Structures are given as structure tokens and as C-alpha cells.
Amino acid sequence: MAEPLLPLNSTVVWAALAARRRSLASRNLAELFATDPGRVERRTYEVGDLVIDASKHWVDDATQASLDDLAIDRGVAEALAAMWAGERINPTEGRAAAHVALRLPAGERFDVDGVDVSGDVHAALDHAAHLAQRLRSGEWTGASGQRITHVVNLGIGGSHLGPAMVHAALTPFADGPEVRFVSNVDGAALADALIGLEPATTCFIVCSKTFTTSETLANARSARSWIVDALGADAVAAHFVAVSTALDEVASFGIDPANAVGFWDWVGGRFSLWSAVGLSVMVAVGPDRFRELLAGAHVVDEHVRTAPVEHNAAVQLALLRVWYSGHWDAAAHAVVPYAARLSLLSAHLQQLEMESLGKSVRADGRPVEGHHTGQVVFGTPGTDGQHAYFQLLHQGTRFVPMDLIGFGHGGDELAGHHDLLLANLLGQAAALAFGRSADELVAAGVAVDDVPHRTFAGGRPTTTILAPSLTPSVLGQIVALYEHTTYVQAVLWGIDAFDQFGVELGKARATDLLPALASGAPIDTDPSTRALLERLRGWRAQR
């Protein structure tokens, strides 16, 4: 058994990075460019269709050497190899994390615990594709014999965010039944999703691996009542499919187990959109385009699997995150796609990164000490974000690195719109990096009293990710890049990226509190919660 990693902040390379941070304190990004003519070429990575410009970062050659040493010291290459070997890289749950197997071309072997799972993977994807094609073609009809025109995906977390994000991004490719998504247990979410829909022409996808997820099952039961009230109990099987492995529970609900497709415990929810969890996407855009999404992710998988540390885009982006979190006090990271159809990308990445990296205990059970893990991920499409939170990013006291994502072609192009969008992307990246000095303002004739307010310090780092257009393949490449970047960060920090015990305690408390809300049953709880319960029950009694 390998020796446990030293705490990150006690390593020699961590101290070397602290020294690099001090050495950069008196410099600026413009100087780094001026003294390094080959900087842009050397710090740009091309992976598949992606061009990743990482030149606007606080990294000189000496810092880069220390960052590469950090990756070697923390065993990043070995950890990546362990993923592709199907090893149990999720130690707290004793499981592999083999989502990369979902993207393998047919015929390629992938072992998990010594068993080739590739056949099962493609069988499940083919089954999902078959269900999707039946819904798309009109072969599947509802209980009254009418064609299905609307599909509603019921899920939460990874069973919702990933598919909903992909669906929104690939709107131009949607040529199947209209797909809607419901995750929130607030009844308004389901009620709003059903506006304008007819039970006779609506099918629901219940997306829950264990078929026990409380929020999803609450929505599923209400959806079932909506169908039964209109069409009778015998209609349920014609209006529901399931993404689940709990076939007994599926059958008890009234869904034909033949219309259920599952996935495996080595696929975490936030990494599951590539599996049958993507059934709703297949319905909307078709199985062939879904396979293009998988193929795009596989392109990045192969880069990450084979590229050495110093040329590996995911490793280098992860090193920058750890560099800024550990030595620049960066508590947040913004992801700003200059593409309206990527409106849900940041929300998906919030779950991917914050659920994976929000840990205060190392994988070996010892506490994390001397540094933070993870960052708050946020963002909205540009140019909207520029009129919301960019002021803080430009002139605030917080240090917030950013990713800016853009495309050469916009799709539904109106005259001048896409040029204006891209000009904003490029302009923001330049302004954040290089700012505007007081001398420039004075030379431009700005009044002396106004100069302090109009000065931009610059030095705000950005990564710019460009691709020719937003296609299924390119989207797969982008999401896979972030997945690998997340895993590498966890390796560097020595934490488990694949468990999420933190989400469970609040749900357990909710289960305890439900009877007190529903029937007024007494409950032993803290004074604050008890007072809030009384207030809520009082309001409800007045209705």
C-alpha cells in the first residue's frame, strides 16, 4: 500500500509556491507578457475543437515549474491512471469512479474490479436510445392511442442539472417531442411544467437510481395522480419510463420494468449525464447527436489520459485553481459563457465542483488543515453578467479568477450580434488582466478627482476557452474538461471527489420535521427550529 500523502501545506513544493507568490507581488501581468514573447503560444492548449488560452494568469516560468512539481509530488499522473484502470478511487464508499467508461467507443474494453463493463454500458445506452426513438417516431403512444408530444424529466441534482443544461445548450438540434424538466419539490415547479400539456400526450421520465429520492418521488407521485385522474390507473405504464436500477420499486409504481434503464454505482450523480440519465436529451435531439456528445467527451478523455502533466490542459487548469485558492485567497471562481444557450452551464458546474470539492476531511480521514478546498463557482452568460457582478470582479477587493467561453459562430446569427458578443468577451478578458492606470486616465484628460474611481488595477486572471461553434461534440468536450479538472483538484488536495455525505444530514432533518409540519406532531428540536415551526403552523392554521 502506498504511503499516505503528506498534508499539502507541509510539503516542500507548497513552500516553494508561497515564495513564488511573494516574488510576484511587485509585478503585473503586462510585465509578464512583455518579458516573455512566447507566452501566448506556450500557454495555449488545443484539445479537440477547444482552444484554451491560459496566458493571462499569474504564472511565470519558475512558478510553472513549481506547479508541475506539485502535480508530480501529489501523484496526479498515477491518480489519472487509476481512474482508467477502474480502481476504487472513491475510497470512502469503496467504489470506482468510471464515468469515462460511458464515453468509450463500442468495442473498447474497460474493467471495473476486473470485469469488463463496456458491453453493459453500450447495452444500456442502446436500450435508452431505443426508448427515445420510440418516443420520437410516434411508435410509443399513450393510453388513448395518441402520439406523445411532450416529455417531462423528473429528477434532481445530477439527474436534472446535467440533462437540463445539455438540453438548453443544444436547442437548435432539438427535433423530437418537447422536453421539460422538473426538480424542485415545490409544487409550483411541477404545476408550471404541466401548463399547456395534456395527459393523453405526455410521458414522464422518473430519473432516480434507487427510486427512493424523496423530491423526485414526490413529483413522480403527483405526476402519476395527474395521469390517473385523467386516464385511469391502467394508463400509468403508457405514460412513464424510468431511469433506475430498482426494478421492484419501478414495477410497484406501475412502470413496466421493460421501460426502465439503469446505471451503476461507479457512476456518481453529477457525472451521470453521459449514461441513461441523458434519456431526456436523446428524446429531444436524437440518439445520434447524443452519441456525438459522448464522442466529444471521449476526445478530451484521451487527451487527459495520455498527455504529460506539463501539456495536460485539465491538469494545468486544476493547478491554477489550487494555486489561487491556496496562495491568492481566491474563494470563488466565475464561469461566464458568452453563449445564451449555456445559461445552465454554471449551475451544472456548481454541483460538479462544489459537491466534489466541498470537503474538510482528507481521503485518509484526517482533517484538512492549513488551506481551503474548493471554491464557490458561479456565473451567468455574458453579456448579462457584465451588468450584474463584473463591477466587483474589476474593481472590488476580492480576487476572483474567471473562465470565459466563446464560439466563433453563434448559430442563429442576427446582423452584428455575434461580433458584439465576442468583442465583449475579448474586451473583458483584456480589461480584467491589464486594467487602466492613473497615468492613462490623466493623459486622456480625465479630471484628477475622478482618476481614483476610474482606475482599474488589472491583474485579474482569466482563462479563455474558444471553439468554432456550440455543437454536441464541443459541449461534450467542455463538460469533460471541467470534470477532469475537478478530479485533479481533489487529487492535489488529497480529498475524495466522489462522495457527498454533506447533502444527507439536512435531508435527514427534513424527514424528522415532516410529521411536525404535516400534522402538528410534537418534535424534540432546537429552540430556533421550534419557533419557526410554530410560526409556520400558525399561518397554515389561519387558511
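Nothing here was measured: the structure is a model prediction, and the numbers come from that model.
Applying the salt bridge (charged side-chain N to carboxylate O under 4.0 Å, His left out) test to every pair with at least one member in residues 475-491, sequence neighbours left out, gives these pairs: R103-E483.
At a cut-off of 3.5 Å, with distance as the only test, no side-chain donor of Q395 or H453 sits close to an acceptor on the other residue. Side-chain polar atoms of D68 and Q64 form a donor-acceptor pair below 3.5 angstrom. Defined by atom type and a distance below 3.5 Å, a donor-acceptor pair is missing between the side-chain atoms of D439 and S437. A side-chain donor from one of D301 and H484 sits under 3.5 Å from a side-chain acceptor of the other. In the model, S473 has a side-chain atom that pairs as donor or acceptor with a side-chain atom of Q477 under 3.5 Å. Side chain to side chain, H150 and T201 fail the donor-acceptor criterion of an N or O pair below 3.5 Å.
Each of R270, R321, H348, H333 was scored for a side chain to side chain donor-acceptor pair (under 3.5 Å) with E353, with one residue passing: R321.
Between N259 and R134 there is a side-chain heavy-atom pair separated by less than 4.5 Å. The closest side-chain heavy-atom distance from V121 to L104 is not below 4.5 Å. Taking the side chain as every heavy atom from C-beta outward, I205 and L131 never approach each other to under 4.5 Å.
Applying the salt bridge (Lys or Arg N to Asp or Glu O under 4.0 Å) test to D60 and every residue at least two apart in sequence or in another chain returns R20, R27.
Ring orientation note: the planes of W328 and F399 are close to parallel, at an angle under 30° on the 30°/60° scale.
Geometrically, R436 does not engage F456 in a cation-pi contact defined by less than 6.0 Å to the ring centre and at most 45° from the axis.
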*Output, in order, the C-alpha distance, side-chain angles, deciding distance and verdict of side chain to side chain donor-acceptor pair (under 3.5 Å) for T463 and H57.*
CA-CA 8 Å; T463 298; H57 284 282; 2.7 Å; yes
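For R43 and D61, the salt-bridge test passes: some basic side-chain N is under 4.0 Å from an acidic carboxylate O. A salt bridge links R305 with E302: the closest approach of a Lys/Arg side-chain nitrogen to an acidic carboxylate oxygen falls below 4.0 angstrom. Between R180 and D192 there is no salt bridge, since no side-chain N of the basic residue sits under 4.0 Å from a carboxylate O of the acidic one.
At least one donor-acceptor pair under 3.5 Å links the side chain of Y389 to the backbone N or O of T380.
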